[in-house]
There are 2 protein chains.
Amino acid sequence: MKILALDIGGANTKMAILDDRKLEESSFYFPFWKRRNNFYNFLKGIVRFPWEFDAVGITMTAELSDAFQTRSEGVQFILNTVGRVFSNKVLILSINENFLTLEEAFRNPLMIASANWVATSWYLGKKFGTGILVDIGSTTTDIIPVKDGRILIEKRSDLDRLQNNELLYAGVLRTNIATITDSVPVDGIDTRITSELFAITADVYSILGDISEGEYMCETPDSRSKELGDCEARISRIVCSDVETLSKESTHKIAEFIKERQIDKISECIKKISEKCKIENVFVCGAGTFLAEEAAKKAGIRKIKKLNISTASALAMMVAEKLERLPYR
Amino acid sequence: MKILALDIGGANTKMAILDDRKLEESSFYFPFWKRRNNFYNFLKGIVRFPWEFDAVGITMTAELSDAFQTRSEGVQFILNTVGRVFSNKVLILSINENFLTLEEAFRNPLMIASANWVATSWYLGKKFGTGILVDIGSTTTDIIPVKDGRILIEKRSDLDRLQNNELLYAGVLRTNIATITDSVPVDGIDTRITSELFAITADVYSILGDISEGEYMCETPDSRSKELGDCEARISRIVCSDVETLSKESTHKIAEFIKERQIDKISECIKKISEKCKIENVFVCGAGTFLAEEAAKKAGIRKIKKLNISTASALAMMVAEKLERLPYR
């Protein structure tokens with residue numbers, strides 16, 4: 001049995017292929033807000049032989065990209081393209097932990113919009129039973145309480161999750177620094193920062209050595225390189241300075257400060273959910289696993305474990321389980 | 001005597017022409033981070049007859065655009081272009097309230113980087129003697145204390161001014177909502193917001209009727225129209241919603257909340273400067289005059305007056321005064 005799973009984000013599309021017990025993963029940069037009309041060609045390009053899969057699992061967050069005026073429009077656009085590539089082998093993950101056909105999903109777009117967090121949470125429940133999932137991606141952090149195999153989230157839209165500390169726009173790559181803090185210390189002096197998109201968290205974590213140049217998996221804000229010197233230049237610009245006037249040391253201290261502020265924000269959400277749901281162990285995953293670990297520690301959590309699974313891979317396993325249970329197999 | 005003054009910003013270039021006592025103003029959208037290499041053609045296009053001017057005053061903030069790696073590079077690039085268009089009639093405003101020649105400015109780029117706030121402050125000092133200037137533009141707010149005709153700012157770089165509440169990245173058009181607040185109320189519930197560039201202050205002030213469609217003088221974040229419906233769609237997207245799921249009323253309440261938070265930030269700076277410099281009257285100007293007025297009120301200021309002058313016009317007058325005093329005239 002060969003299963004394909006796609007996690008279609010606004011900036012990156014992640015793919016997993018489950019071939020019997022073998023799992024392969026890959027990630028592709030595809031910014032919807034710039035190239036939505038190339039999505040069909042992009043998808044055909046990354047999935048070269050669609051006919052060889054027994055089933056295709058789909059989940060998405062790309063419908064929120066401003067390429068689409070409404071989420072329904074986004075979901076339907078993506079489903080149309082998916083349908084053209086895969087015909088009828090498709091299972092779409094819903095926020096209620098089941099799968100819809102293309103037709104059902106098309107008629108209920110908000111049931112499948114931004115459901116991707118369900119896959120990893122399902123996996124956590126299956127494998128470990130109880131824990132808070134802290135999944136930090138390029139753009140967002142999902143914080144999902146799971147108890148005795150059950151996801152403890154009642155209201156499941158993105159809006160609901162923003163209101164309940166279960167979704168936080170804090171990522172390890174694409175997050176604008178100016179949305180994390182209003183000010184940073186420059187040589188000991190508290191300094192307001194600019195509100196432009198001058199630097200992103202990928203610059204911070206490159207400077208601090210938390211991510212490698214290869215892990216800087218998004219565009220730079222100024223279209224310059226991902227090398228250390230250019231990351232430093234971008235960070236210095238947030239205080240209207242540049243590498244000629246701000247020392248390397250000052251820039252690194254700014255980066256450390258921003259990291260701490262981002263950890264604070266994530267940690268606050270973890271703490272609230274831990275207290276509310278009475279769950280005291282955390283599973284960390286995603287591109288920002290290192291950050292999730294520090295945030296969980298700061299929230300006072302002692303039992304922290306890495307969950308070595310991507311959303312796409314978890315989705316592939318969820319589809320496999322579903323197929324095994326299907327009566328006609 | 002015919003004088004041209006140019007205030008070259010990162011997003012907009014403002015122009016004033018002073019012909020004897022007649023003043024004409026205009027503004028042109030020119031985003032440096034996208035089109036720096038067209039700057040010569042752009043400048044030639046807006047200043048059709050450069051030879052008819054007796055003098056040309058120049059000030060800029062565009063050097064901070066990420067089109068340039070350092071501010072020196074930006075200043076020198078802009079001065080080179082200005083020199084090609086105007087030959088030797090050029091006077092460049094410095095942060096110390098005097099004018100430099102092209103050659104002097106080229107050798108001391110940081111003396112003229114982001115000096116534009118000096119022109120309006122000089123005008124305030126000349127005409128009214130004492131007051132705090134609150135000039136809100138598309139992107140930033142300048143808060144400048146002036147006493148008995150003298151600008152009360154010791155250290156005058158952008159970095160110094162960010163540290164001293166004299167420069168705040170809070171504008172009436174281009175400011176990313178996610179840099180103003182972490183959360184907004186949705187139907188009474190405190191809701192975290194996304195950190196993407198989904199909506200800007202121009203959307204907020206369009207919805208609230210503070211600016212007209214014609215005054216929305218910058219690009220929209222999603223390349224859609226500046227009409228009310230599209231502004232509402234952009235605001236609803238910051239809480240992962242859309243116009244199908246969020247009511248007009250909810251969206252307008254979000255806009256009101258964001259306006260109040262932006263007023264709070266500006267007001268805080270005005271208050272600090274008013275107390276530090278013991279100046280109790282404020283002059284408001286710029287595209288965000290309406291916001292400056294409300295922020296000054298919130299800071300407890302009773303004497304608020306409109307300063308009907310743009311930076312470019314003030315600069316033209318400063319040049320005229322300088323020429324009248326030149327010994328060789």
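Protein chains get the first letters and strands the later ones, always in sequence-line order, with residue 1 at the start of each. None of these values were measured; they are calculated from a predicted model.
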Shortest non-hydrogen separation from Asp242(B) to Ser72(A) and the atoms involved: OD2-N, 4.4 Å
Engaged part of Ser157(A) at the chain B interface, taking heavy atoms whose separation is under 4.5 Å: neither
Contact check, side chains of Arg161(B) and Cys240(A), non-hydrogen atoms, under 4.5 Å: no
Option in Val243(B), Leu159(B), Leu246(B) with maximal non-hydrogen atom pairs under 4.5 Å from chain A: Leu159(B)
Counterpart residues, salt bridge (Lys or Arg N to Asp or Glu O under 4.0 Å), relative to Lys271(A) (two or more places apart): none
Results of salt bridge (Lys or Arg N to Asp or Glu O under 4.0 Å) for Arg35(A) - residues two or more places apart only: none
Point-to-point distance, once rounded to the nearest 0.5 Å, from CG of Leu162(B) to CZ of Arg192(A): 8.5 Å
Side chain / backbone / both / neither for Ala67(A) at chain B, heavy atoms under 4.5 Å: backbone
Engaged part of Ser65(B) at the chain A interface, taking heavy atoms whose separation is under 4.5 Å: backbone
Greatest number of heavy atom pairs closer than 4.5 Å to chain B - which of Asp158(A), Leu64(A), Asp182(A), Leu110(A): Leu64(A)
Lys265(A) atom NZ, neighbour heavy-atom count above 12 within 6.0 Å: yes
Exam field: side chain Arg71(B) to backbone Glu244(A), donor-acceptor pair closer than 3.5 Å: no
Which of Asp230(A), Ile189(A), Ile193(A), Thr181(A) touches chain B most, by non-hydrogen pairs under 4.5 Å: Ile189(A)
For Arg234(A), all residues meeting salt bridge (Lys or Arg N to Asp or Glu O under 4.0 Å), sequence neighbours excluded: Asp203(A), Asp222(A)
Sorted by number, residues from residues 164-176 of chain B in contact with chain A (heavy atoms, under 4.5 Å): Asn165(B), Leu167(B), Leu168(B), Tyr169(B), Arg174(B), Thr175(B), Asn176(B)
Main-chain N/O of Gln69(B) paired to Arg237(A) side chain as donor or acceptor, under 3.5 Å: yes
Min side-chain heavy-atom separation Leu197(A)-Leu197(B) under 4.5 Å: no
Closest-packed option against chain A by number of heavy-atom pairs under 4.5 Å, given Thr245(B), Thr140(B), Asp160(B), Ile180(B): Thr245(B)
